[in-house]
Amino acid sequence: MTITASRTLDSLDGRIILALDKDPEASALALSRTLGVARNTVHARLARLERSGALRSFSRRLDPAALGYELMAFLSLSISQTRTGSVEDGLAAIPEVIEVHATTGDADLMAKVVARGTADLYRITNQILEIEGIERTSTAISILELMPPRYDGLISRLSKEESRGVDQISGAGRQEP
(Lines give C-alpha, C1' and ligand atoms only; values in the text may rest on other atoms or scores of the structure.)
Protein backbone atom coordinates (compact mmCIF):
# COMPACT_ATOMS: atom_id res chain seq x y z
CA MET A 1 0.00 0.00 0.00
CA THR A 2 1.25 3.47 -0.81
CA ILE A 3 0.72 6.67 1.09
CA THR A 4 -1.62 9.10 -0.61
CA ALA A 5 -0.04 12.32 -1.84
CA SER A 6 -2.24 14.35 0.51
CA ARG A 7 -0.73 12.71 3.59
CA THR A 8 2.91 13.18 4.44
CA LEU A 9 4.55 12.82 7.79
CA ASP A 10 5.53 15.78 9.93
CA SER A 11 8.07 16.14 12.70
CA LEU A 12 5.72 14.96 15.45
CA ASP A 13 4.91 11.84 13.44
CA GLY A 14 8.65 11.25 13.12
CA ARG A 15 9.24 11.72 16.84
CA ILE A 16 6.44 9.23 17.64
CA ILE A 17 7.90 6.63 15.27
CA LEU A 18 11.42 7.05 16.65
CA ALA A 19 10.07 6.68 20.20
CA LEU A 20 8.31 3.47 19.15
CA ASP A 21 11.58 2.21 17.64
CA LYS A 22 13.19 2.64 21.05
CA ASP A 23 10.25 1.06 22.91
CA PRO A 24 7.86 -0.86 20.60
CA GLU A 25 5.59 -1.74 23.51
CA ALA A 26 5.15 1.83 24.73
CA SER A 27 1.56 2.87 25.36
CA ALA A 28 0.07 6.09 24.03
CA LEU A 29 0.33 7.48 27.56
CA ALA A 30 4.03 6.59 27.86
CA LEU A 31 4.70 8.10 24.43
CA SER A 32 2.83 11.28 25.34
CA ARG A 33 4.95 11.67 28.48
CA THR A 34 8.19 11.01 26.59
CA LEU A 35 7.32 13.45 23.82
CA GLY A 36 5.56 16.09 25.91
CA VAL A 37 2.29 15.98 23.98
CA ALA A 38 -1.26 14.98 24.90
CA ARG A 39 -2.12 11.26 24.99
CA ASN A 40 -5.09 11.85 22.66
CA THR A 41 -2.75 13.53 20.16
CA VAL A 42 -0.45 10.50 20.14
CA HIS A 43 -3.41 8.12 19.85
CA ALA A 44 -4.94 10.11 16.97
CA ARG A 45 -1.60 10.36 15.16
CA LEU A 46 -0.96 6.61 15.42
CA ALA A 47 -4.47 5.82 14.17
CA ARG A 48 -4.04 8.19 11.22
CA LEU A 49 -0.60 6.76 10.37
CA GLU A 50 -2.12 3.28 10.24
CA ARG A 51 -5.15 4.35 8.18
CA SER A 52 -3.02 6.24 5.67
CA GLY A 53 -0.68 3.27 5.13
CA ALA A 54 2.35 5.10 6.54
CA LEU A 55 2.64 2.41 9.23
CA ARG A 56 2.64 -1.01 7.66
CA SER A 57 1.63 -4.33 9.17
CA PHE A 58 3.58 -5.70 12.11
CA SER A 59 4.47 -8.88 10.17
CA ARG A 60 6.75 -6.82 7.88
CA ARG A 61 9.24 -6.64 10.76
CA LEU A 62 9.62 -10.42 10.88
CA ASP A 63 12.90 -12.04 9.80
CA PRO A 64 11.99 -14.78 7.26
CA ALA A 65 14.80 -16.95 8.69
CA ALA A 66 12.75 -17.23 11.90
CA LEU A 67 10.15 -19.04 9.79
CA GLY A 68 12.76 -21.36 8.27
CA TYR A 69 13.31 -19.34 5.07
CA GLU A 70 17.05 -18.75 5.24
CA LEU A 71 17.61 -18.12 1.53
CA MET A 72 16.73 -14.79 -0.08
CA ALA A 73 16.72 -14.25 -3.83
CA PHE A 74 15.82 -11.53 -6.27
CA LEU A 75 14.13 -12.60 -9.48
CA SER A 76 14.09 -10.33 -12.52
CA LEU A 77 10.90 -11.14 -14.40
CA SER A 78 10.14 -10.41 -18.03
CA ILE A 79 6.40 -10.46 -18.65
CA SER A 80 3.93 -10.21 -21.48
CA GLN A 81 2.60 -6.65 -21.30
CA THR A 82 -0.92 -7.86 -22.03
CA ARG A 83 -0.98 -10.14 -18.98
CA THR A 84 0.06 -7.87 -16.10
CA GLY A 85 -3.08 -8.56 -14.06
CA SER A 86 -2.74 -12.33 -14.22
CA VAL A 87 0.97 -12.04 -13.40
CA GLU A 88 0.26 -9.93 -10.30
CA ASP A 89 -2.43 -12.36 -9.15
CA GLY A 90 -0.19 -15.37 -9.80
CA LEU A 91 2.72 -13.89 -7.85
CA ALA A 92 0.43 -12.90 -4.98
CA ALA A 93 -0.71 -16.53 -4.72
CA ILE A 94 2.84 -17.71 -3.93
CA PRO A 95 3.59 -17.05 -0.23
CA GLU A 96 7.36 -17.13 -0.76
CA VAL A 97 7.13 -14.10 -3.06
CA ILE A 98 7.32 -11.43 -0.38
CA GLU A 99 7.76 -8.29 -2.47
CA VAL A 100 7.34 -7.25 -6.12
CA HIS A 101 8.32 -4.01 -7.83
CA ALA A 102 7.72 -2.77 -11.37
CA THR A 103 11.12 -1.68 -12.67
CA THR A 104 12.88 0.01 -15.53
CA GLY A 105 15.64 -1.71 -17.45
CA ASP A 106 15.82 -5.20 -18.90
CA ALA A 107 13.26 -6.72 -16.51
CA ASP A 108 9.65 -5.64 -16.09
CA LEU A 109 9.34 -6.77 -12.47
CA MET A 110 11.72 -7.49 -9.59
CA ALA A 111 10.49 -10.08 -7.10
CA LYS A 112 11.99 -10.66 -3.68
CA VAL A 113 11.62 -14.33 -2.81
CA VAL A 114 12.43 -16.38 0.28
CA ALA A 115 13.13 -20.11 0.25
CA ARG A 116 14.23 -22.87 2.61
CA GLY A 117 17.20 -23.71 0.36
CA THR A 118 18.25 -23.97 -3.26
CA ALA A 119 15.94 -26.92 -4.05
CA ASP A 120 13.03 -24.91 -2.62
CA LEU A 121 14.08 -21.89 -4.69
CA TYR A 122 14.07 -24.11 -7.79
CA ARG A 123 10.50 -25.19 -6.95
CA ILE A 124 9.38 -21.58 -6.42
CA THR A 125 11.04 -20.40 -9.64
CA ASN A 126 9.28 -23.13 -11.60
CA GLN A 127 6.00 -22.18 -9.95
CA ILE A 128 6.58 -18.57 -11.04
CA LEU A 129 7.40 -19.68 -14.60
CA GLU A 130 4.04 -21.49 -14.75
CA ILE A 131 2.19 -18.18 -14.30
CA GLU A 132 0.55 -17.12 -17.53
CA GLY A 133 2.34 -14.01 -18.77
CA ILE A 134 5.77 -14.74 -17.28
CA GLU A 135 8.14 -15.06 -20.21
CA ARG A 136 11.54 -15.32 -18.52
CA THR A 137 13.25 -15.07 -15.14
CA SER A 138 16.76 -14.36 -13.98
CA THR A 139 17.73 -15.17 -10.40
CA ALA A 140 20.28 -13.59 -8.08
CA ILE A 141 20.74 -15.23 -4.69
CA SER A 142 21.57 -12.97 -1.78
CA ILE A 143 24.63 -14.33 0.00
CA LEU A 144 24.66 -11.73 2.79
CA GLU A 145 22.45 -8.82 3.80
CA LEU A 146 24.95 -6.00 4.15
CA MET A 147 22.40 -3.33 5.07
CA PRO A 148 18.85 -4.17 6.14
CA PRO A 149 16.04 -1.76 5.27
CA ARG A 150 16.49 1.35 7.37
CA TYR A 151 14.46 4.48 7.76
CA ASP A 152 15.65 5.87 11.08
CA GLY A 153 17.99 8.40 9.44
CA LEU A 154 15.16 9.76 7.29
CA ILE A 155 12.81 9.87 10.27
CA SER A 156 15.43 11.60 12.45
CA ARG A 157 15.88 14.25 9.78
CA LEU A 158 12.11 14.75 9.59
CA SER A 159 11.70 14.98 13.36
CA LYS A 160 14.37 17.72 13.51
CA GLU A 161 13.00 19.80 10.61
CA GLU A 162 10.38 21.61 12.68
CA SER A 163 12.92 22.87 15.17
CA ARG A 164 14.95 24.29 12.28
CA GLY A 165 11.86 25.85 10.70
CA VAL A 166 11.94 23.84 7.47
CA ASP A 167 8.82 21.76 8.01
CA GLN A 168 7.26 23.20 4.84
CA ILE A 169 7.13 19.86 3.02
CA SER A 170 4.93 18.25 5.64
CA GLY A 171 2.61 21.22 6.08
CA ALA A 172 3.67 22.36 9.55
CA GLY A 173 1.28 24.61 11.33
CA ARG A 174 -1.86 22.77 10.38
CA GLN A 175 -4.22 22.14 13.25
CA GLU A 176 -4.46 18.34 13.08
CA PRO A 177 -4.15 16.07 16.12
Side-chain angles (χ1 to χ4, degrees), residues 1-11 13-14 16-18 20-22 24-25 45-159 161 169-171:
M1 172 183 273
T2 57
I3 301 172
T4 60
S6 64
R7 178 65 191 138
T8 56
L9 304 183
D10 64 19
S11 61
D13 295 328
I16 291 169
I17 293 167
L18 288 172
L20 281 170
D21 258 359
K22 290 180 184 170
E25 295 180 14
R45 291 291 184 115
L46 287 171
R48 190 177 62 219
L49 289 169
E50 286 186 56
R51 277 193 317 272
S52 73
L55 288 181
R56 296 178 175 174
S57 67
F58 192 73
S59 66
R60 291 182 59 109
R61 294 178 61 187
L62 187 64
D63 181 351
L67 297 171
Y69 295 93
E70 306 227 355
L71 189 139
M72 176 95 50
F74 299 91
L75 277 69
S76 299
L77 308 174
S78 296
I79 65 170
S80 167
Q81 298 302 311
T82 60
R83 301 262 193 246
T84 57
S86 64
V87 168
E88 288 178 42
D89 292 343
L91 292 170
I94 302 171
E96 294 88 354
V97 176
I98 60 171
E99 203 171 317
V100 179
H101 297 265
T103 60
T104 61
D106 293 335
D108 300 304
L109 302 175
M110 181 68 66
K112 186 175 181 182
V113 174
V114 294
R116 296 183 186 277
T118 54
D120 194 33
L121 179 60
Y122 181 78
R123 175 192 62 79
I124 296 163
T125 302
N126 282 327
Q127 194 174 358
I128 290 171
L129 284 166
E130 290 173 6
I131 297 170
E132 188 175 343
I134 300 277
E135 294 177 349
R136 184 175 53 261
T137 68
S138 176
T139 304
I141 296 174
S142 172
I143 55 174
L144 179 66
E145 183 180 70
L146 295 176
M147 183 187 305
R150 60 192 183 100
Y151 304 101
D152 56 333
L154 298 172
I155 298 166
S156 291
R157 180 186 298 159
L158 174 69
S159 67
E161 285 179 350
I169 294 171
S170 62

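Everything numeric in this text was worked out from a predicted model, so none of it was measured. Keep in mind that the numbers below use all heavy atoms, side chains included, and drop hydrogens, waters and symmetry copies.
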| query | Nearest 0.5 Å, what's the CG-CD1 distance between Asp21 and Ile16? | reply | 13.0 Å
| note | Closest non-hydrogen atoms of Leu109 and Ala102, given as atom of the first, atom of the second and distance, are CD2-CA, 3.7 Å
| request: Identify the heavy atoms of Ser76 and Met110 that sit nearest to each other, and give their distance. | output: OG-CE, 3.4 Å
| note | Here the gap from Ile141 atom CD1 to Met72 atom CE, rounded to the nearest 0.5 Å, amounts to 12.0 Å
| request: List in chain and number order the residues that pass side-chain hydrogen bond (donor to acceptor under 3.5 Å, both in side chains) with Ser80, two or more places apart in sequence or in another chain; answer none if no residue qualifies. | output: Thr82
| Heavy-atom side-chain contact between Leu75 and Ile124 under 4.5 Å | no
| To the nearest 0.5 Å, what is the distance between CD1 (Ile98) and CZ (Arg60)? | 9.0 Å
| task | Of all the heavy-atom pairs spanning Leu158 and Ser11, show the shortest one and how long it is. | result | O-CB, 3.4 Å
| query | In Å, rounded to the nearest 0.5 Å, how long is the span from CG of Leu77 to CZ of Arg136? | reply | 10.5 Å
| task | Find out whether Ile155 and Leu9 are in side-chain contact, i.e. whether some heavy atom of one side chain is under 4.5 Å from a heavy atom of the other. | result | no
| Would one find more than 12 heavy atoms of other residues, nucleotides or ligands at under 6.0 Å from atom CG of Asn126? | yes
| task | Side-chain contact test, heavy atoms from C-beta onward, threshold under 4.5 Å: evaluate it for Arg45 versus Asp10 and give yes or no. | result | yes
| remark: Separation between OG1 (Thr125) and CZ (Arg123), nearest 0.5 Å, reads 9.5 Å
| said: Closer than 3.5 angstrom, by distance alone: can the side chain of Ser86 be matched with the main-chain N or O of Glu132 as a donor-acceptor pair? | reply: yes
| field | Minimum side-chain heavy-atom gap Leu20-Leu46 below 4.5 Å | value | yes
| request: Would you name the heavy atoms of Gly90 and Ile131 that are closest together and state the gap between them? | output: C-CD1, 3.4 Å
| said: On a heavy-atom basis, which atom in Ser78 and which in Asp108 lie closest, and how many Å separate them? | reply: CA-OD2, 3.4 Å
| query | In Å, rounded to the nearest 0.5 Å, how long is the span from CG of Leu121 to CD1 of Ile128? | reply | 8.0 Å
| note | What one should report as the nearest heavy-atom pair of Leu49 and Ser52 is O-OG, 3.2 Å
